[in-house]
Protein chains: 2
Amino acid sequence: MNLDKFDLAILASLQRNARASLSEIGAEVGLSSTPCWNRIKRMEQAGVIRGYTVDLDPAQLGYQDTVIVHVTLDDHSEQTLYEFGRALADIPEVLEAYLVSGDYDYYIRIAVRDTRDYERLLRERLYLIPGIRHSKSSFVLRQLKQGRLPLQRKDT
Amino acid sequence: MNLDKFDLAILASLQRNARASLSEIGAEVGLSSTPCWNRIKRMEQAGVIRGYTVDLDPAQLGYQDTVIVHVTLDDHSEQTLYEFGRALADIPEVLEAYLVSGDYDYYIRIAVRDTRDYERLLRERLYLIPGIRHSKSSFVLRQLKQGRLPLQRKDT
DNA sequence: AGTGAAAAGGCTTTAAC
DNA sequence: GTTAAAGCCTTTTCACT
């Protein structure tokens, strides 16, 4: 899908505030609300826009800690991978999970209420998944950055 | 801040669709639009709601790959940490950065257009940051999960 | 606290450029 | 592709429970 500078400006505006009104967005990007609406619908249809969500403060919702877990599986068959993905999908505290190249097979980021909750999660959920050969946890001491996808034209 | 089941239901609704109207949210949670509006404003004020954003498809915006970089710094002084955080903040492709316990000091997730872009980023941006002792990159082969913070009462 | 109504404003469509 | 205008729906306030 081809996106011009107005589309990218609209996306950047939505990244900053997805609940802004169409006239606010239009004023930001230099367009009236009608073309903004048309462009947004087009991008939703095309799947460039996957949805709109809210940025919440984990600490105020009881999640004091973030843990990054590295996991290696016993074998690398498609079936094992699939089952591992399914098992992770069932654990609500798992916020991100990546299959990666390199020493470890998976990087998983989980939100935990505290260290007790972390211990419970590992014992009662993660370690019950069959096929885990090895895992290593790192507690997040500080989040240094939470960025948004940079939006600019490829040819600039 | 104390959140009751209605607050949590409103947040869950906003997680699913942050652009829903107040009447839609109200219908979902079993309230009229007025108390929904009041509760949302209260949660925005309190910082539970940090903002509203859009979920975009990175591939359609030209970012085909995700790389996770582990970085160790030369020393662990607060000043070095601060400067490293500042430098990362200036790199738009850095989407997440965590200071962690364990073998490595930082986990960084970056969005790259392709392997050439990755090489450029490392050489022209990341490796120019002073104080890096060691780093290791892992390419993401597949994203297995992208979850949202679980929202439920602590006492249930 | 919540509801419902009313005013103000914004969204979405149609039509015209 | 754009803008302008019309009708409708939503947001927001307010009075009342």
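Here is the naming used below: chain letters follow the sequence lines, and residue numbers restart at 1 for every chain.
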query: Under the side chain to side chain contact (heavy atoms under 4.5 Å, CB included) criterion, do L151(A) and L61(B) qualify, and how do the steps go?
result: CA-CA 7 Å; L151(A) 299 173; L61(B) 289 157; 3.9 Å; yes
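We find that CZ of F6(B) is positioned 10 Å from C1' of dG2(C), with the value rounded to whole Å. Regarding N38(B), its CG atom lies at a distance of 12 Å from the C1' atom of dC14(D), rounded to whole Å. As a whole-Å value, the separation of I10(A) CD1 from dG1(D) C1' is 13 Å. Remark: C1' of dG10(C) and CG of L31(A) are 17 Å apart, rounded to the nearest angstrom. In this structure, CD of E24(B) is placed 15 Å from C1' of dC8(D), rounded to the nearest angstrom.
The aromatic rings of Y107(A) and Y107(B) sit parallel to each other, their planes meeting at less than 30°, with 60° as the upper class boundary. In this structure, Y106(B) and F84(B) have tilted ring planes: the angle between them lies in the 30° to 60° band.
Ranking dT12(C), dG10(C), dT10(D) by closeness to the S33(A) side chain, first place goes to dT12(C). Taking the side chain of W37(B) as heavy atoms from C-beta on, and the options dT3(D), dT11(D), dA5(C), the nearest nucleotide is dT11(D). In the set dC11(C), dT12(D), dT11(D), dC11(C) carries the atom at the smallest distance from any side-chain atom of L22(A). Closest contact between the side chain of R39(A) and the listed nucleotides dT11(D), dG2(C), dG1(D) involves dG1(D). Comparing dT12(D), dT14(C), dC11(C) by their closest approach to the side chain of S23(A) singles out dC11(C).
The residue among S32(A) and R19(A) whose nearest nucleotide of DNA chain D lies closer to the 5′ end is S32(A).
Between dC11(C) and S21(A), a contact under 4.0 Å exists linking OP1 or OP2 to a side-chain N or O.
For the pair R50(A) and L56(B), the tightest heavy-atom approach, listed with the atom from each and the gap, is NH2-O, 3.2 Å.
Using a 4.0 Å heavy-atom criterion, one finds that T34(B) contacts the bases of the nucleic acid, with or without backbone contacts as well.
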